[in-house]
Structures are given as structure tokens and as C-alpha cells.
Amino acid sequence: MLDIQLLRKDLAGVAQRLASRGVTLDTARIEALEAERKEIQVRTQELQARRNQLSKQIGMAKGKGEDAGELMAQVGGLGDDLKTAETRLAGIQEDLSGLLMTIPNLPHETVPVGRDEKDNEEIRRVGTPRAFPYQPLDHVDIGENLDLLDFPTAVKITTSRFVLMRGQLARMHRALAQFMLDVHSREHGYEEVYVPYLVNADSMRGTGQLPKFEEDLFKLSNGMYLIPTAEVPVTNIVRDEIIPADNLPIKLVAHTPCFRSEAGSYGKDTRGMIRQHQFDKVEMVQFVKPEDSYAALEELTGHAEDILQRLDLPYRVVALCSGDLGFSAAKTYDLEVWLPGQDTYREISSCSNFEAFQARRMQARYRTDNEGKPGKPELIHTLNGSGLAVGRALVAVLENYQNPDGSVTVPDVLRPYMGGLDRIAKE
RNA sequence: GGAGAGGUGGCAGAGUGGUCGAAUGCGCCGGACUCGAAAUCCGGUUCAGUGCUUGCACUGACGCGGGUUCGAAUCCCGCCCUUUCCGCCA
């Protein structure tokens with residue numbers, strides 16, 4: 001959510017910055033609503049003040065045993081006007097906040113301006129894709145040849161876009177998550193948290209999934225939602241909280257399944273594990289002071305990169321352009337891992353600074369003490385990034401570590417998590 | 001799932017229709033006292049929002065949402081949550 005004050009002060013400027021995202025702001029409607037709001041709010045508050053004043057006098061009169069009939073008649077005359085004004089004000093404020101909730105974040109000044117993913121800016125490449133003397137297989141062929149990856153059975157159990165993994169492959173999937181969680185919690189300074197996988201609508205609004213993106217979510221009959229990312233439960237930990245400044249930064253990491261309906265992506269990545277309704281992810285979340293958030297974004301992105309480097313997977317870092325930015329993000333780096341089976345880089349992590357956008361929706365604030373005097377609560381900045389998507393990391397390992405005989409070498413860093421196993425081969 | 005109790009400031013806890021954003025205690029901050037500290041005493045200590053003459057005024061908030069009333073923390077209805085007992089259960 002943007003600062004309503006900013007919209008009042010510089011509506012044209014906001015509209016201009018949103019235009020770089022390809023979003024057209026209905027400035028005329030906002031101006032009209034604002035003008036109406038101001039008029040009605042002043043009127044409402046005046047009427048309320050008058051009523052409060054008279055009611056207080058009635059109380060005093062009755063306390064002294066005097067007749068309050070005259071006063072009561074006076075205040076009674078306000079009743080209808082007041083009710084009308086209050087109702088209108090509530091309506092306008094609902095319209096205004098409803099509109100505000102659907103406006104995306106402003107891109108940071110360092111975000112490259114562009115239309116779509118073609119305009120994203122490659123920042124760096126790390127690692128060299130391995131040269132294969134033969135046509136490398138993709139993860140589906142590798143996994144199915146090993147009898148460890150089973151899509152048809154998952155379809156039988158549930159439907160398409162789900163997967164069944166078996167044996168050492170399921171184990172490697174678990175090993176990847178454990179490895180990532182260990183590195184972030186032991187070496188990068190994150191506190192590990194275990195969180196609910198079902199959340200209420202307030203939490204979804206807090207991080208920005210609602211009200212605009214309900215169709216991407218799985219909703220339960222009792223009104224709760226399956227989380228599409230750990231970002232939602234983890235970030236909402238600080239909803240409606242005022243954090244002492246000394247406690248910042250707060251860095252949390254969680255491993256959760258993620259559920260996405262993938263509505264509107266029919267025909268996209270239908271083969272394999274790239275785009276599933278259910279996948280696991282290790283997610284890093286940071287709560288920081290505003291002045292620290294861009295340094296934190298670099299740091300957090302580095303933490304995700306560290307996992308790729310330890311797995312010795314080639315990747316590149318891409319700065320998303322304004323048109324490709326997610327709804328709540330002010331700036332995002334995507335990490336794209338090299339997939340030899342597809343002969344391309346594919347997204348495996350997305351690291352974003354949301355500045356105060358989520359914090360404002362959540363009323364997540366911090367307070368600084370200036371020489372003993374408590375300062376005013378100010379909005380924190382929130383960040384998060386995948387560290388990494390576990391399913392896609394497994395895909396990357398399968399494709400990058402495949403051998404001509406159909407086996408897959410286990411990356412060094414995962415061996416301790418797999419009982420020392422050095423390769424996965426057909427039984 | 002059944003029956004009961006309850007949700008008030010950072011915490012504890014009063015308040016059951018009227019100068020109540022809310023007693024009192026604890027905590028916290030400042031000051032006095034002290035060589036210093038403790039004790040004691042004095043003062044302060046929620047958040048959101050609006051207007052403009054930017055320092056003041058006003059509005060809203062006692063779990064959430066409605067209602068009654070001139071006036072609601074207090075009465076009524078619905079929901080959520082906590083808790084006790086019983087039942088069930090990994």
C-alpha cells in the first residue's frame with residue numbers, strides 16, 4: 001500500500017512512476033474521491049464534536065437534577081444529518097482504501113525501466129555451464145529413467161501439476177532443504193521458524209496477495225488460504241507490532257510447502273517439475289530499518305547465491321525491469337540457474353525489497369529511543385527471497401550432475417545429508 | 001463436538017449508561033533528595049486520523065462487526081479468540 005499522503009501531495013508524480021510499470025492510475029477518480037472525503041470528513045467530525053459536547057452537557061444537567069429536555073431536543077436534531085454524514089464518509093473511505101489496496105508499489109530509482117522480462121537487466125553471471133559431449137537430458141527423462149520420478153501416479157492421486165518422488169530422489173529433495181536451512185541459520189544469521197501453512201485473509205492482505213490475486217490462491221471452505229510462499233506467514237509475524245529499534249534487523253528463515261493455483265498459466269511449463277501446484281521452498285525474510293533496506297537486499301541476494309555456489313550450479317543474477325516487477329516489490333533480483341536439459345537459465349530465486357509497502361498494510365513498525373525519549377513509531381522495511389526453491393534446485397542438480405550412464409552425481413555438500421551417498425543410480 | 005467462564009493501556013487489574021482514553025498497582029522515562037545507589041516524593045508514559053492560523057483544535061479506537069440511546073468499555077445481536085471441565089484424537 002502506498003502512502004495516502006504521497007498521493008495527495010504528488011499524485012501526478014506517483015502516476016508517472018507507476019506508468020513505468022505499465023499501470024495507469026485513475027488520477028481523476030482519486031482526486032474526486034479525495035475532495036469528497038475531505039468535505040465529508042470535516043463535516044462529520046464537526047457534527048460529532050457538537051453531539052459530544054451536547055451529550056456531555058446533558059449528563060451534567062441530569063447529574064444536578066436539572067431538566068435536560070431542551071438540550072436533548074437540540075442534539076436530537078443532529079441525529080439524521082450525522083448518520084448520513086457518517087455513512088457517506090465510511091463509503092468514501094472504503095472506496096478510497098479499496099482503490100489504494102490495488103495500486104502496486106513504486107519502482108526504486110535503480111530499477112531498469114522496461115515493459116516485460118525481455119527488458120530485465122543481467123547483473124552478473126557466476127559459474128560456467130558444463131560442456132556436455134552429448135545431448136544432456138532434462139530432469140524428467142533423468143528421473144523417470146531412474147524410476148524415481150513419477151508424474152502419472154501423482155495425476156492419479158490428485159491431478160496434473162503434482163509430482164511423486166521416490167527413494168534417493170525424495171531423499172535428495174529433503175537433503176537440499178536441510179542443507180539450505182542449515183547454511184542460512186548457522187552461517188547467515190537467520191533464525192529458523194516453523195510456521196502455519198494455512199493463513200487468514202488479513203495475512204494475505206498484509207503481504208499483498210489479496211485483494212488482487214485471489215485467483216492464484218487455493219482457498220479453503222472455511223475462508224482460510226493455503227500459503228503460496230512462506231513469505232506470507234513469516235512476514236505477518238510482525239503485523240500490528242511495534243518493534244524496539246535495537247531488535248532490528250530481524251532475519252528469519254523457514255522451509256515450507258507452497259501452493260499455487262497457477263491459474264492463467266495453462267500450457268506454460270507443462271512438462272516436469274518447473275511449475276507445480278505444490279512445491280517446497282526455503283524462504284528468507286528480513287525486517288530492517290528503512291535506511292538499511294537496500295544494503296539488506298544485496299546481502300539477502302548474496303545469501304541465496306551462496307547456496308547456488310556451494311552446490312556449484314552456474315547461475316546469473318537479473319534485475320527485474322519496472323514492467324516485470326511483482327505487485328508489492330520496489331526492487332527485485334531474480335537468480336536464474338543454468339538448466340542444460342533446457343539449454344537456458346531458469347528462475348530459482350526471487351529476492352525483493354518491499355520498502356514500507358507491506359509494512360504499511362500490516363501496520364508493522366519500529367520505535368527508536370532518542371536519549372530515553374521514545375520516538376514515534378515508524379514503518380519498517382520488509383524483504384524476502386527464496387533461498388532457494390527446493391523443487392527447482394533438485395531439477396538443476398539432476399540436469400547439471402547427470403552422467404552418461406544415466407546416474408546422477410550427488411553434490412559434495414549434500415553427501416553428509418544422504419548418508420555419504422555419492423551417486424544416484426538405477427537399482 | 002457438549003457445558004461453563006472470560007477478552008479493558010507494556011503487564012496486573014478496577015470500572016455494569018453520563019465531565020471515562022479510562023481508577024489503582026507494577027514497569028518504563030524525567031526530575032527532586034543523595035558523594036553515589038536503594039528507598040521516598042513529584043511529574044510524565046497508547047495508537048490511528050482530520051483540519052488549519054504548525055501549534056493548537058477536533059474525530060475515532062476498551063477482541064471484531066452491527067444495533068439500541070441525546071450519550072456505550074458498560075445494554076442487545078452476530079462473529080472471532082482465550083480458558084476450565086467432559087468427549088474424541090496424532
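Keep in mind that what you see is a predicted model, and the values were worked out from it rather than measured. Chain identifiers are assigned alphabetically (A, B, ...) following the order of the sequence lines, protein sequences preceding nucleic acid strands; residue numbering begins at 1 within each chain.
Using a 4.0 Å cut-off, some side-chain N or O of A:Asn52 falls inside it from OP1 or OP2 of B:G60. The side chain of A:Arg51 places an N or O atom within less than 4.0 Å of a non-bridging phosphate oxygen (OP1 or OP2) of B:G60. For A:Arg43 and B:G51, the shortest distance from a side-chain N or O to OP1 or OP2 is not below 4.0 Å. Look at A:Gln41 and you won't find any side-chain N or O under 4.0 angstrom from OP1 or OP2 of B:A48. Side-chain nitrogen and oxygen atoms of A:Arg50 include none within less than 4.0 Å of the OP1 or OP2 phosphate oxygen of B:C70. Close to B:U46, at under 4.0 Å from its OP1 or OP2, lies no side-chain N or O of A:Lys376.
Of the candidate nucleotides B:C52, B:C47, B:C70, B:C70 has the atom nearest to the side chain of A:Lys62. With B:U68, B:A48, B:C70 as the candidates, the nucleotide lying closest to the side chain of A:Lys83 is B:U68. Ranking B:C58, B:U50, B:C52 by closeness to the A:Ala49 side chain, first place goes to B:C58. Of the candidate nucleotides B:G51, B:C47, B:C70, B:G51 has the atom lying nearest to any side-chain atom of A:Val42. Taking every side-chain heavy atom of A:Met60 into account, B:U19 is the closest of B:U59, B:C70, B:U19.
Side chain to side chain, A:Asn200 and A:Ser203 meet the donor-acceptor criterion of an N or O pair below 3.5 Å. Checking A:Glu231 against A:Thr207 by side-chain atom types alone, no donor-acceptor pair falls below 3.5 Å. Between the side chains of A:Ser350 and A:Asp334, at least one donor N or O sits under 3.5 Å from an acceptor N or O.
Between the P atom of B:G71 and the CG atom of A:Leu71 lies a distance of 14 Å, rounded to the nearest Å. Rounded to whole Å, atom P of B:G18 lies 13 Å from atom NZ of A:Lys56. The interatomic distance linking A:Tyr366 (OH) with B:C47 (P) rounds to 15 Å, in whole Å. B:C58 atom C1' lies 17 Å from atom CD1 of A:Ile40, rounded to whole Å. As a whole-Å value, the separation of A:Gln45 CD from B:C56 P is 19 Å. Distance A:Ile4 CD1 to B:G49 C1': 12 Å, rounded to the nearest Å. A:Gln74 places its CD atom 20 Å from the P atom of B:U69, with the value rounded to the nearest Å. With rounding to whole Å, A:Arg367 atom CZ is found 9 Å from B:C47 atom C1'.
Remark: A:Arg37 does not engage A:Asp95 in a salt bridge, criterion side-chain N to carboxylate O under 4.0 Å. Residues A:Asp80 and A:Lys83 are not paired through a salt bridge, judged by the lack of any N-O separation under 4.0 Å between the basic side chain and the carboxylate. A:Glu262 and A:Lys268 are not joined by a salt bridge, as no carboxylate oxygen comes within less than 4.0 angstrom of a charged side-chain nitrogen.
A:Glu215 and A:Ala263 get closest at one heavy-atom pair: O-CB, 3.5 Å.
B:A5 and B:G63: their C1' atoms are spaced 16 Å apart (whole Å). Comparing the same atom, P, in B:C28 and in B:G10 gives a spacing of 16 Å after rounding to whole Å. Nucleotides B:G15 and B:U74 are separated by 15 Å at their P atoms, to the nearest Å. The gap from the P atom of B:G25 to that of B:C81 amounts to 37 Å, rounded to the nearest Å. Nucleotides B:U83 and B:C26 are separated by 29 Å at their P atoms, to the nearest Å. Comparing the same atom, P, in B:U59 and in B:U8 gives a spacing of 26 Å after rounding to whole Å. Rounded to a whole angstrom, the distance from the C1' atom of B:C80 to that of B:C41 is 46 Å. Taking atom C1' on both B:G36 and B:A32, the two are 15 Å apart, rounded to the nearest angstrom.
Atom OG1 of A:Thr382 and atom CD of A:Glu355 lie 9.5 Å apart (nearest 0.5 Å).
Stems are defined here as 3 or more consecutive Watson-Crick or G-U wobble pairs with pairing distances under 3.5 Å; those involving RNA chain B are B:1-7 with B:80-86, B:10-12 with B:24-26, B:27-32 with B:40-45, B:46-52 with B:55-61, B:63-67 with B:75-79.
A:Asp10 places no side-chain N or O within donor-acceptor distance of the main-chain N or O of A:Leu6, the cut-off being under 3.5 Å.
Nucleic acid contact for A:Glu39: none, since no nucleic acid atom lies under 4.0 Å from a heavy atom of the residue. In this structure, A:Leu54 reaches neither bases nor backbone, as no heavy-atom distance under 4.0 Å exists between it and the strands shown.
Using bins of under 30°, 30° to 60° and over 60° for the plane-to-plane angle, the ring pair A:His303/A:His188 lands in the parallel bin.
Between A:Glu34 and A:Pro377, the residue anchored nearer the 5' end of RNA chain B, judged by the nucleotide with its closest heavy atom, is A:Pro377. Where A:Ile58 and A:Gln53 each meet RNA chain B at their nearest nucleotide, the meeting point lying more 5' is that of A:Gln53.
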